Amino acid sequence: MNVAADQNHPLSPTWLRLLVIVLLVVGIAFRFVNLNHKVYTPDEVETTLRAAGYTQQEAAQTVFQNEVIAAKDLQRFQWLKPGSTAVDTVRSLTLEAPQHPPLYFLLDRLWIQVLGNPIQALFGSPLTASRLLPALLSLLALPLMATLAWELFASPAIALLSTAFLALCPLAMLFAQTACPVTLLMLAVVASHYLLLRATRLSDVPKIRSRDVLKRPPSAWLHWGPYALVATLGLYTQPLFALTLIGHAMWIMQSAIARPRGSFQQMLNGFWLSLLVAGLLFVPWLLVWVANAERATSQWTISLSSLEHLGALWLLNVTTVFLDVDFGFGHAWTWVVRLPLAVLVVWALYALYQRADRAWFFVLTSTVMPFLVLMLSDLVLNSQRSTVNQYLALCYPGVQLAVASFLATKLTPKPHYLSPRPHRSVGSSRFVLRLTPYTWTLMKRMVWRGVLLTLFVASLASNTVSAASLTWWHEHQNYFNAAIADRLNTEPSPLLLSDAGDDATNLDNLMSLSYRLNPNVRMLLLQDANWVTSETFMSQTADSTVIAFRPSRSLKQALERSHPLQPFLPEAEVWLAPTP
C-alpha cells in the first residue's frame, strides 16, 4: 500500500485555514481592546513629555515648589508645550536622553498635534490618543510579515501562519498598546527583512534594453532605495537596529558566493551603497549622541547575580512570543509551561538549519546574530541588555518565521491511498490497529495540529488575561501604581507627599498616578526635605491624610524625626506620614 500527501496545502482542510484567518482577525481586534485600561507607565510618560517639547528638568523645577497642587495639574506636561515646535522635542532628547533617536517622538508629536484633541473627545481618555498610534503601527507589520514569509519561503501556509503568530503574539500585543518606540522598531525590522529579500531578488533580473518601458526591469535605486530608507528609519528609531543590519550583511556575503559574477557584483554594490547612505544619514544624531554621552542614561546596566539567572531570563523572553501568563519568576509552573515552548523554538531553528537553503541562513542571521551580540556584551560589560524585550524585538520576527516554517512542514494533510482500497485479510472481523504508513502519517498530523492549536490557545489566553489586567510584568517602576491609586481614592482627604526621590524617577511615577486619581486627591511636592519642619508645612497638611510616596532618604529621615512612618503600601515604598 502506498500513501501520498499533498504537501502544497499543509493547512487543509478548509476549516483549519479559516480558523487561522479568524484568529488573525481576533489578534487585530485585540490591539484595540481596553486600550486605556492599563496604568500609564513611566516610559510612556517620558515619551509623551519629550514629544510635547518639555524636558524633565523643566517639569521638575515647575512642580517641586513646596506647594499643594491638584494631581491632574501634572498632566499639562503631557500635552504640547505652548509655543513649542519639533525643535523643542529634539532639544529635550539632546539635553537629557541622547540615546533615544527622535523619530518616534516626532511622529508622536505630529499625531497628538493633529488628532490628539479629537481622539480624546471621542473616547473620553487622554491615554487613547497616545496609545492608538502604536496600535495602528502594529497593524502595518502584519501585511509586511506575510510578504516577508512569501518572499523567503514562497509558501502561502507559512505566510499565513507567521502572520497569525505575529497578530496573536502577546509581546507584540503588549507593545502595540504602549506609547513607546518598540512597535515602530518591530515594524522597521520586518520591513527591512522584506525589502532586503526583494532587492536581492530583483538584482537577479537580467538587464533588457528596450524602448518599451514595461519590458525593462526597474532601476537598481527603485529596489535598493526603499531598503536604504527603512534602514535609516530603523537607526533613527533604535541605534541597536544596527545589529539587524549586521545580520543582513552576513547573509548578503553568504548569498553572494553562489551567484554569478555579474549578479554578485550588482547585489553587493546595491547593498553596501544602501548601508552607506543609511549610515551617513544617521551621522548627525550619532554626533549628538557622542557629544552628550555623559547625559545618556540606561537602566539596563545592573549586574546580574549569576549565569543561571541570565539563562532563565532568556528562556522567559523567547517563550513570551507565544505565552505570557505571569505565574511569578520563582513559581514552578513558569518553567513547566515554558520549557516545551523553548524546545519547540530550538527544534524549529535546527530544522530550518537542516534545509540548507537561502531561508535558513537568513533567519539565523536575523535572529541569532542580534542576540549573540547582546549576550556577549552582557558577559563582557556585566550588564543585562540581552534580557530586555525591547531590544530582543530585533529577534522575535525570526523566531515566528522559524516556528511557522517548522509547523507547516509537519502539518501534512490527510494522506490518500494510491490503491483502490487498503488491504484487509479475508475472514477477519476484528479491528486491528496497525502502524501502517497511513496510520502513522495520520497520527503525526493530529499531534502537530494539536501543537498548533496549543500555541494559539496559549496566545489567546495570554492576551485575554493581559487585556483585563491593570498592570503587567513589564511595568517595573510602576507595578503597584494601580493599587496605590485605589487606596488613595478611598481616603477621605488624601494628600500625597513626595520629592524627586533618590533616583530622580518620582516625577514620571507621579504623572502616571495622576491618570488614576480622583479629583479630590492633592499633591505636595517638595523641593527641600527640611520643608517638613516649617510652619507652612503644618498648615498645608492640616486635616489631611498625608501619604509619603517613595520619599528620598533625606525626606524620610526628616519625616521620622517626630514619629516613625506607618506602613501604607510598604512593598511600593508608600508610607503613612505622621500628621502635625
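Computed from a predicted structure; not experimentally measured. The residues of the chain are indexed from 1 along the displayed sequence.
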Checking [X] side chain against [Y] main chain: does a donor-acceptor pair fall under 3.5 Å?
{"X": "S405", "Y": "L401", "value": "no"}
{"X": "T147", "Y": "L144", "value": "yes"}
{"X": "W289", "Y": "P101", "value": "no"}
{"X": "S130", "Y": "L127", "value": "no"}
{"X": "D324", "Y": "T320", "value": "no"}
{"X": "D108", "Y": "A51", "value": "no"}
{"X": "N389", "Y": "N317", "value": "no"}
{"X": "S92", "Y": "D88", "value": "no"}
{"X": "R338", "Y": "L316", "value": "yes"}
{"X": "D378", "Y": "R385", "value": "yes"}

Please report the closest heavy-atom contact between [X] and [Y], naming both atoms and the distance.
{"X": "I158", "Y": "A408", "result": "CG1-CB, 3.5 Å"}
{"X": "A342", "Y": "L315", "result": "CB-CD1, 3.1 Å"}
{"X": "M250", "Y": "F361", "result": "O-CE2, 3.5 Å"}
{"X": "P181", "Y": "T237", "result": "O-CG2, 3.7 Å"}
{"X": "L35", "Y": "R31", "result": "CD1-O, 3.4 Å"}
{"X": "L392", "Y": "S386", "result": "CD1-O, 3.3 Å"}

Could you tell me if the side chain of [Y] sits less than 4.5 Å from the side chain of [X], heavy atoms only?
{"X": "L374", "Y": "L240", "answer": "yes"}
{"X": "L202", "Y": "L222", "answer": "no"}
{"X": "K444", "Y": "K410", "answer": "no"}
{"X": "V189", "Y": "F241", "answer": "yes"}
{"X": "T183", "Y": "L187", "answer": "no"}
{"X": "Y227", "Y": "L197", "answer": "no"}
{"X": "V373", "Y": "I246", "answer": "no"}
{"X": "F322", "Y": "V345", "answer": "yes"}

Interatomic distance, [X] atom [atom1] to [Y] atom [atom2] [nearest 0.5 angstrom]:
{"X": "S138", "Y": "F30", "atom1": "OG", "atom2": "CZ", "value": "13.5 Å"}
{"X": "T55", "Y": "E96", "atom1": "OG1", "atom2": "CD", "value": "4.5 Å"}
{"X": "R91", "Y": "S84", "atom1": "CZ", "atom2": "OG", "value": "11.0 Å"}
{"X": "W360", "Y": "L349", "atom1": "CH2", "atom2": "CG", "value": "11.5 Å"}
{"X": "L161", "Y": "L452", "atom1": "CG", "atom2": "CG", "value": "6.0 Å"}
{"X": "R131", "Y": "I119", "atom1": "CZ", "atom2": "CD1", "value": "14.0 Å"}

| task | Carefully, step by step, assess L341 and L455 under the rule side chain to side chain contact (heavy atoms under 4.5 Å, CB included). | result | CA-CA 9 Å; L341 291 176; L455 292 180; 3.4 Å; yes

| request: Could you walk me through whether W224 and M267 pass side chain to side chain contact (heavy atoms under 4.5 Å, CB included), step by step? | output: CA-CA 9 Å; W224 286 108; M267 183 179 64; 4.1 Å; yes

Taking distance alone, no hydrogens or angles, what donor-acceptor pairs closer than 3.5 Å link side-chain atoms of residues 163-174 to residues at least two apart or in another chain?
| from | atom 1 | to | atom 2 | distance (Å) |
| --- | --- | --- | --- | --- |
| T163 | OG1 | A146 | N | 3.4 |
| T163 | OG1 | A159 | O | 2.7 |

| note | Given the options V182, L185, L137, F175 meets side chain to side chain contact (heavy atoms under 4.5 Å, CB included) only with V182

| Going through the checks in order, is the side chain to side chain contact (heavy atoms under 4.5 Å, CB included) test met by F271 and H248? | CA-CA 9 Å; F271 175 74; H248 290 174; 3.9 Å; yes

| task | For the pair Y350 and Y353, name the ring-plane relationship: parallel under 30°, tilted 30 to 60°, perpendicular over 60°. | result | tilted

| query | Quick one: do the K38 and S466 side chains pair a donor with an acceptor below 3.5 Å? | reply | yes

| query | Does a donor on one side chain sit under 3.5 Å from an acceptor on the other, for Y396 and Q400? | reply | no

| How about H193 and F362: are their ring centres within less than 6.0 Å of each other? | yes

| Do the two ring centres, one from F406 and one from W347, sit under 6.0 Å apart? | yes

| request: Apply side chain to side chain contact (heavy atoms under 4.5 Å, CB included) to L140 and V190, showing your working. | output: CA-CA 10 Å; L140 298 178; V190 176; over 6 Å; no

| task | Can you sort out the partners of R109 under salt bridge (charged side-chain N to carboxylate O under 4.0 Å, His left out), two or more places apart, ordered by chain and number? | result | none

